[in-house]
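Here the structure comes first, spelled out in structure tokens, and everything after it is commentary.
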There are 2 protein chains.
Amino acid sequence: MDDRRDMALAMDRLLAHGHAVTPQRRLVAQALRDAAGPISAQELSAALEPGRGIGQMTVYRTLALLADAGVAYQIAATDADRHLARYVFCSGSHHHHLVCQTCHAVLEVGGCGMESVDRDVEQRTGFAGVGHHLDFVGTCPACAAVASGEGH
Amino acid sequence: MDDRRDMALAMDRLLAHGHAVTPQRRLVAQALRDAAGPISAQELSAALEPGRGIGQMTVYRTLALLADAGVAYQIAATDADRHLARYVFCSGSHHHHLVCQTCHAVLEVGGCGMESVDRDVEQRTGFAGVGHHLDFVGTCPACAAVASGEGH
DNA sequence: TCGACTATGAGAATGATTATCAGTGAGGAG
DNA sequence: CTCCTCACTGATAATCATTCTCATAGTCGA
């Protein structure tokens, strides 16, 4: 497995963006990567309590830094919860996230072919530097099975 | 122009979703439709002050209702601003929004061809009822011109 | 028109996020 | 080796969008 590789790459990206690599930032990134699903800053802070008392201020700042460096991504489709920002760890190259509406599990989805769509939108609108912000939502097989089983 | 048509359709959708049509909801929907760009609940509330004193509670509730009925859409790409929900008016059928990073102007973009991508994601992941949440960001021609002109 | 049911809105409460600022540590210059 | 600089950290306090409460008022179906 490429556990080490993930973290090394993430830290490299931090450096590339002019941010220092500190033990706290490493721990936050690890906790984010090891999270089961999209996780909020406060949940991360709580998850880190046992090992080290990392201030929530640091968690918020680190998440913003990681997002800036492309290592973390803030999920948009948080319909269920209130106004709460949730993040997921992003390892490789361009991809998107498929979130289960019920259990909030997250799957990375690659090969969306949106690059050509970006170009097409540029052509049609005259906008420059068009990028996109895309999440998928759905029901994962496990939750779908439970739902159909409960159906009276 | 189909000003009347827009509003009538919007109110019909509210009714179809089991929500009553009230003067306040009509005014909120109109203000949302007439807004220059993505607008927050508080800005809407302020914009409505002169004519009628509509409580901000009503504005929040109405926006949620309109979003539920498909008449309003909550923009995801609010990178610039803080944790603030912004909405745009949605008239017709399925489309997406292209937001200028600089002036926040919004353009509706149709024909994204994402329906087939949804099906493809379902096939590949086993998830059911896959939908998507997509915004485009870029720089509009006017802002691009200003930026290049300012470049020293 | 009538009645049941839903919407409204002022005020207070909630709670996630951000600002402040003194203390800490790493790294370079002398 | 020592001093200096500068970014990072984190406890506390402040901010501010959003939600709750509940008495009043309005809407829709019959």
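A quick note: this is a predicted structure, and the numbers were derived from the prediction, not measured. FYI, side chains are in, hydrogens and waters are out, and symmetry mates aren't considered; it's all heavy atoms of this structure. All chains are named by letter (A, B, ...) in the order of the sequence lines, taking the proteins before the strands, and each is independently numbered beginning at 1.
- Taking only side-chain nitrogens and oxygens, Gln24(B) never comes nearer than 4.0 Å to OP1 or OP2 of dA25(D).
- Checking dT18(C), dT9(D), dT19(D) against the side-chain heavy atoms of Gln56(B) singles out dT19(D) as nearest.
- Closest to the Gln42(B) side chain, of the nucleotides dT9(D), dT18(C), dA17(D), is dA17(D).
- Ala144(B) and Thr139(B) get closest at one heavy-atom pair: N-CG2, 3.6 Å.
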Would you list the protein and nucleotides 28-30 of chain D atom pairs, both N or O, that sit under 3.5 Å from each other?
residue	atom	partner	partner atom	Å
dC28(D)	OP1	Val21(B)	N	3.3
dC28(D)	OP1	Val21(B)	O	3.2

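- The CZ atom of Phe136(A) sits 15.5 Å away from atom SG of Cys100(A), with the distance rounded to the nearest 0.5 Å.
- In this pair, His19(A) and His17(A) present their aromatic rings parallel. The plane angle is below 30°, not in the 30 to 60° band.
- Without hydrogens or angle criteria, Gln74(B) side chain to Arg86(B) main chain gives no donor-acceptor distance under 3.5 Å.
- A straight line from OH of Tyr87(A) to C1' of dA16(C) spans 11 Å, rounded to a whole angstrom.
- If you take CG of Leu65(A) and P of dA7(D), they are 13 Å apart, rounded to a whole angstrom.
- Between the CG atom of Leu27(B) and the P atom of dG26(D) there is a distance of 15 Å, rounded to whole Å.
- Residues Ser40(B) and Gly18(A) both approach DNA chain D. Their nearest nucleotides, taken by heavy-atom distance, put Gly18(A) toward the 5′ side.
- Remark: side-chain polar atoms of Thr62(B) are paired, donor with acceptor, to backbone N or O of Thr58(B) under 3.5 angstrom.
- Contact check, Tyr60(B) against dT18(D): a side-chain N or O comes under 4.0 Å of OP1 or OP2.
- Note: Tyr73(A) and His133(A) meet the aromatic proximity criterion, with ring centroids under 6.0 Å apart.
- The Arg61(A) side chain lies nearest to dT9(D) when the options are dT18(C), dG9(C), dT9(D).
- Across all strands shown, Arg25(A) has heavy atoms under 4.0 Å from sugar-phosphate atoms exclusively, and none from any base.
- Rounded to an integer number of Å, the gap from Glu43(B) CD to dT18(D) C1' is 15 Å.
- Atom pair Met57(B):CE and dT18(D):C1' shows a separation of 8 Å (rounding to whole Å applied).
- Gln74(A) has its CD atom 12 Å from the C1' atom of dA16(C), to the nearest Å.
- For Ile54(A), the side-chain atoms get nearest to dG10(D) when compared with the rest of dT18(D), dA16(C), dG10(D).
- The separation between Arg26(B) atom CZ and dA7(C) atom P is 15 Å, rounded to whole Å.
- When the P atom of dT18(D) is taken as reference, atom CD1 of Ile39(B) falls 12 Å away, rounded to whole Å.
- With no hydrogens or angles considered, no side-chain donor-acceptor pair links Asp135(B) and His96(B) at under 3.5 Å.
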